[in-house]
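Both backbone and side-chain heavy atoms feed into the values below; hydrogens, waters and symmetry mates do not.
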Amino acid sequence: MLVKFKSKAAADVVMLDRHAQKALAPFGKSTANGYFAVGELDNAIGVLEATTVESRQHAATQALAQDVELHHDADGVNHFPQVQEAVDFAAHLFPLLEMMRAARRADSVVTWNI
């Protein structure tokens, strides 16, 4: 499923539901629909920027953990794992962060819906 983020200050940002869930989880928000008010944007940007820094610092560890997870399941070793995701979470967050920064400059809200 896709989640579409909107703001009058920037072009729409479309994100897979699983990435949007990960981006919204620190704020207790769901992907069904919602918004960041103008007053929430400073905090949201700060939290997401910290998330991108953290994800880049632990990229090798995350890649190893994902590889182990893909190759081992309840039945033991899986020699035909699913494809590993090549794009890190920081890259998925970049367009949303740019939208939030533009919305903050324009005193605009950021909304989303499925």
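Judged as a salt bridge (Lys or Arg N to Asp or Glu O under 4.0 Å), and not counting sequence neighbours, the contacts of D42 are R104. When the ring pair (Phe, Tyr, Trp, His ring centres under 6.0 Å) test is applied to F27, the partners found at least two apart in sequence or on another chain are F36. Under the side-chain contact (heavy atoms from CB on, under 4.5 Å) criterion, D12 pairs with K4, K6, sequence neighbours left out.
Note that the OG atom of S30 and the CD1 atom of I114 stand 7.5 Å from one another [nearest 0.5 Å]. Summarising the geometry, atom NE2 belonging to H92 is positioned 7.0 Å from atom CZ belonging to R18; distances are rounded to the nearest 0.5 Å. Rounding to the nearest 0.5 Å places CG of L24 at 7.5 Å from CG of L96. Once rounded to the nearest 0.5 Å, the distance linking CE of M1 with OG1 of T31 reads 7.0 Å. Interatomic distance, I45 CD1 to E98 CD, rounded to the nearest 0.5 Å: 9.5 Å. Here the CE-CG distance, from M100 to N43, works out to 9.5 Å after rounding to the nearest 0.5 Å.
A91 and P95 make their closest contact through O-CD, 3.6 Å (heavy atoms, listed as atom of the first residue, atom of the second, distance). Taking both residues in full, the closest heavy atoms of V109 and A103 are given as O-CB, 4.4 Å, listed atom of the first, atom of the second, then distance. For the pair A11 and M99, the tightest heavy-atom approach, listed with the atom from each and the gap, is O-CE, 3.0 Å. Closest approach of L93 to L48, counting heavy atoms only: CD1-O, 4.0 Å.
The closest side-chain heavy-atom distance from T51 to F89 is below 4.5 Å. Considering only heavy atoms from C-beta on, F94 stays 4.5 Å or farther from T52 through its side chain. Counting heavy atoms from C-beta on, the side chains of V14 and V3 never come closer than 4.5 Å.
The main-chain N or O of G46 is never found under 3.5 Å from a side-chain atom of E49 such that the two would form a donor-acceptor pair.
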_I'd like to know whether W112 forms a side chain to side chain contact (heavy atoms under 4.5 Å, CB included) with K29, so could you lay out the CA-CA distance, the side-chain angles of the two residues, the decisive distance to 0.1 Å, and finally the verdict._
CA-CA 11 Å; W112 63 88; K29 297 182 183 270; 3.4 Å; yes
*Could you walk me through whether T111 and N113 pass the side chain to side chain contact (heavy atoms under 4.5 Å, CB included) test, one step at a time?*
CA-CA 7 Å; T111 64; N113 59 15; over 6 Å; no
*Trace of the side chain to side chain contact (heavy atoms under 4.5 Å, CB included) decision for Q21 with D17*: CA-CA 6 Å; Q21 285 177 0; D17 185 63; 2.7 Å; yes
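V47 and V38 are not part of a single hydrophobic cluster, where members link through side-chain heavy atoms under 4.5 Å apart. Placement of L97 and F5 within a single hydrophobic cluster is found when ILVMFWY residues are connected by side-chain heavy-atom separations under 4.5 Å, directly or transitively.
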